[in-house]
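These values consider heavy atoms only, across backbone and side chains, with no hydrogens, waters or symmetry-generated copies. Throughout, protein chains are lettered first and strands after them, A, B, ... in sequence-line order, and every chain is numbered starting at 1.
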2 protein chains.
Amino acid sequence: MGWEYYRSFLAVLTEGSLSAAARKMGITQPTVGRHVSALEAAFKQVLFTRTPSGLVPTDAANALKGYVESMQSTAAALEREALSQEQGVQGTVRVSTSEVIGVEVVPRALARLRREHPSLKVELMATNRVQDLLRREADIAIRMSPPRQEALVARKVGHVELGLFAHADYLAERGMPAAITELETHALIGFDEETPFLRAARAKFPVWSRDALTLRSDSDVAQLAMIRAGCGIGICQSALARRDERLVRVLPDAFSFLLETWVTMHGDLRGSRRCRAVFDALVKCMQDHIDA
Amino acid sequence: MGWEYYRSFLAVLTEGSLSAAARKMGITQPTVGRHVSALEAAFKQVLFTRTPSGLVPTDAANALKGYVESMQSTAAALEREALSQEQGVQGTVRVSTSEVIGVEVVPRALARLRREHPSLKVELMATNRVQDLLRREADIAIRMSPPRQEALVARKVGHVELGLFAHADYLAERGMPAAITELETHALIGFDEETPFLRAARAKFPVWSRDALTLRSDSDVAQLAMIRAGCGIGICQSALARRDERLVRVLPDAFSFLLETWVTMHGDLRGSRRCRAVFDALVKCMQDHIDA
DNA sequence: TCTTTTCCATACAAAAATGTATAGCAGATG
DNA sequence: CATCTGCTATACATTTTTGTATGGAAAAGA
């Protein structure tokens, strides 16, 4: 079975119609249709139900989605590697970080990197969804949990501390809470959605229940903006808060979290100059961030 | 860049010549040659040095090998899944186990499975090299270490005990050692090559040094055969030794290892009838083995 | 209700990929 | 030393794949 068909299959799966898939791939709609038909013939099953508004995947097609996605990300990584194999540090590197790190910390490192290596390109995926390095969704990742996968180059850069912070203006108006229980009367900023991490955190600090929060956002960055704007009290990396002298630590003794921080990279990229350069720069950047 | 070229590229890489690759893929040598040339043109670099005896990969080509291998195993897994999506338990499942488990334990489970599901095919990879489930090198794996990868269905089936064993005939001739130190005068069976596991084991039982071993083999199965043949004293799973009443435990109190045993499967296969059936059968098989 | 837009499917022409045949070369073999 | 066998590279014919053009059908908008 030719691999080329799988590309069309994935495009139809993600685009939802033969025409859209064809546009995206730079080929024509009949061709995509033929590819899908060829797959259906080979697998002896219907992969899409045809409708006038597009193709709707069957269960069988959805069961195959993960495989072709994996192939696609691997192929993309292959091309990044192949197109960067000339002398010097050049080519494209995909970096995956959490939202806050990607917005607040990494950019300064990238600026310096780009000055040193003008032909280096970096794709920054600032998302809290954990990317899979083994599936080549990214080349390098900065994560707050130790790597569970083998075959990775991993460097522990220390602990990021989380604390409660608020803007000085807010505290001047509402007063500085003296104990955890006083938080109930304050404007608390936190997450909207439940995640395993949040449940674990809540077990340690019951005050931080979803109902107690008056300002909710699923975006760390938005939460940080709210803290900076003096909306209330929220959780923030101490190292980030230190940058803004008007942000004041709240209840430093009662509330503190330490997150192990790792920079990880696929083992195969050990010999890749461009990835090694970005990896080293990110390690240094994170260490500077933590030590700041 | 068309994925189809990558297939040819990998075939040349593994076969060593355009002609051999073409034979393997069922196409002709000029076609494979054109594919390779197309890749070289696209990547603007030489991937192989042509010789009269074949194509020798350059460093650049070797750097890309891992990617295409990953794509290939994923494509193979996709086809296994696609060709097994009809009703009932059928299709192909790839199972990866250690050598001993694959040879001594699993086959009986497979026999029963095949009786219950005649149209089920199983590929058994009995190798001590750890297969990567995320890369789809196998669908299901039985491993002696807890899974370090997320997105896996994992079932702990208990502990396999390792002990020292010897054949009754050997012990009758050479005597039963009464203490660990007496092992030095015996014929010891063990591994030839150093592995991280062995280094860890040695730290606990210094007697088992490489020099002390008189019969060395890197194959667990061969070691087991030597023990059964009365060659000497070796390490063996207690559950396996129990099957042969003429195998006698040596120094049961001084030497005992417990290995956590896990059956693991890629999370995407949770809904796959054939994989679920094999998974359940293997879990039961391993539990029976351990409890025996 | 009619028009417009989007979609898929099909027939036919054009383009691209593949296969065939062959030449040339190096090493193994008698 | 000649022969044989493996390999790659190239020219040419063929097949396959792709693109173009068009028809029909369903949904969105006037």
- Salt-bridge test for Arg136(A) and Asp268(A): reply yes if a basic N is under 4.0 Å from a carboxylate O, no otherwise. yes

- Message: Assess whether a salt bridge exists between Arg228(A) and Glu104(A), defined as any Lys/Arg side-chain N lying under 4.0 Å from an Asp/Glu carboxylate O.
- Response: yes

- Item | Protein proximity profile, nucleotides 17-27 of chain C - base contact B, sugar-phosphate-only contact S, no contact -, cut-off 4.0 Å on heavy atoms | -BBBB----S-

- Spacing between Arg23(A) atom CZ and dT18(D) atom C1', to the nearest angstrom: 18 Å

- Message: Taking any heavy-atom pair under 4.0 Å as a contact, classify Gly33(A): base, sugar-phosphate, or nothing.
- Response: nothing

- Side-chain H-bond candidate by donor/acceptor type, Ser53(A) with Thr51(A), under 3.5 Å: yes

- Item | Residue pairs, two or more places apart or on separate chains, that pass side chain to side chain donor-acceptor pair (under 3.5 Å) and touch residues 68-79 of chain A | Glu79(A)-Tyr6(B)

- Using atom types as modelled and distance alone, determine if a side-chain donor or acceptor of Arg50(B) lies under 3.5 Å from a backbone N or O of Phe48(B). yes

- Query: For DNA chain D, what residues of residues 8-19 of chain B have any heavy atom nearer than 4.0 Å?
  - Reply: Ser17(B), Leu18(B), Ser19(B)

- Output yes when at least one side-chain N/O atom of Arg50(B) is less than 4.0 Å from OP1 or OP2 of dA9(D), else no. yes

- Item | Lys/Arg N to Asp/Glu carboxylate O, Arg274(A) vs Glu81(A), below 4.0 Å | yes

- Message: If we count only N and O atoms by modelled type, under 3.5 Å, do the side chains of Arg143(A) and Ser145(A) hold a donor and an acceptor together?
- Response: no

- Item | N/O donor-acceptor pair under 3.5 Å between Arg273(A) side chain and Gln90(A) backbone | no

